[in-house]
Structure formats: C-alpha cells, structure tokens
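Written out below as structure tokens is the structure these notes cover.
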Amino acid sequence: MNYQEALQHKNESLKNADESVLNMFHLVIAPANTDENKKFIDDFLKNPEKFDDESCKKYSSDGLFEVVSFNKEEK
C-alpha cells in the first residue's frame, strides 16, 4: 500500500487497539520491501523517539509500505 493508505490503516488500528496492546507493542509504518523493512526496524529500535510516521519514507525505494507491530523492549 502507499504511504497514505498505510497511515490510515495505522490510525484505524490505534483507534481500535486495547490499551494493554498499545503498552506492549510498537505499531509502525515500515517499508514493504523485506530488506528495507529490516533496516528500518533495526534503526527504529536503537532510538524509537527519533522516529515519526514519515521516517519510513527515507527507507523505502519503491514507495510501498505496511503496518507492522512488534514487542516493545523491556526497560
């Protein structure tokens, strides 16, 4: 999906998500390309506060995205 579709999907998911899910998981827009997705998530995990929804754009070579969720790290 394109960026706008991914953003809409993410916002709908956040609206429907349970509070405990939001506390346990990151929900981010990431490149659909597997290699670009891995690089994005690796960089995101180093410093999540530096990333916003549009950060994924600079990792994508084809403008295709997906919404992914993964466990938050224990602090």
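Quantities reported herein were computed from a predicted structural model and do not represent experimental measurements. Heavy-atom basis, side chains included; hydrogens, waters and symmetry copies ignored.
Residues satisfying the side-chain contact (heavy atoms from CB on, under 4.5 Å) test with Q8, not counting sequence neighbours, are E12. Contacts of N71 classified as side chain to side chain donor-acceptor pair (under 3.5 Å), with partners at least two apart in sequence or in another chain: none. With sequence neighbours left out, the side chain to side chain donor-acceptor pair (under 3.5 Å) criterion links N47 to no other residue. For K38, the side-chain contact (heavy atoms from CB on, under 4.5 Å) partners two or more places apart in sequence, or in a different chain, are D42. Residues passing the salt bridge (charged side-chain N to carboxylate O under 4.0 Å, His left out) test with D53, sequence neighbours excluded: K10.
Taking all atoms of both residues into account, the shortest heavy-atom contact from L27 to S13 is CD2-CB, 3.7 Å. Y3 and E54 make their closest contact through OH-CG, 3.2 Å (heavy atoms, listed as atom of the first residue, atom of the second, distance). Between K72 and N23 the shortest heavy-atom distance is CD-O, 3.4 Å. Closest approach of I41 and V68 over heavy atoms only: CD1-CG2, 4.2 Å. Scanning all heavy atoms of the two residues, the minimum distance from E36 to P31 falls at CB-CB, 3.7 Å.
Contact check on D35 versus K39 returns no salt bridge, with no Lys/Arg side-chain nitrogen under 4.0 Å from an Asp/Glu carboxylate oxygen.
Between F40 and F51, the two ring planes are perpendicular [angle over 60°; tilted spans 30° to 60°].
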Test side chain to side chain contact (heavy atoms under 4.5 Å, CB included) on Y59 and F44; report intermediate values, then the result. CA-CA 11 Å; Y59 289 83; F44 175 89; over 6 Å; no
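Hydrophobic cluster membership of M24, counting Ile, Leu, Val, Met, Phe, Trp and Tyr whose side-chain heavy atoms lie under 4.5 Å apart directly or via other members: V21, F25.
By the rule that hydrophobic residues join a cluster once side-chain heavy atoms approach within less than 4.5 Å of another member, V67 and L14 end up as members of one cluster.
Looking only at atom types and distance, the side chain of T34 has no donor-acceptor partner in the side chain of N37 under 3.5 Å away.
In this structure the side chain of K57 reaches within 4.5 angstrom of the side chain of F65, judged on heavy atoms. You'll find the side chain of N33 stays beyond 4.5 Å of the side chain of L64, heavy atoms only.
Going from atom CG of D62 over to atom CG of N2 covers 11.5 Å, rounded to the nearest 0.5 Å.
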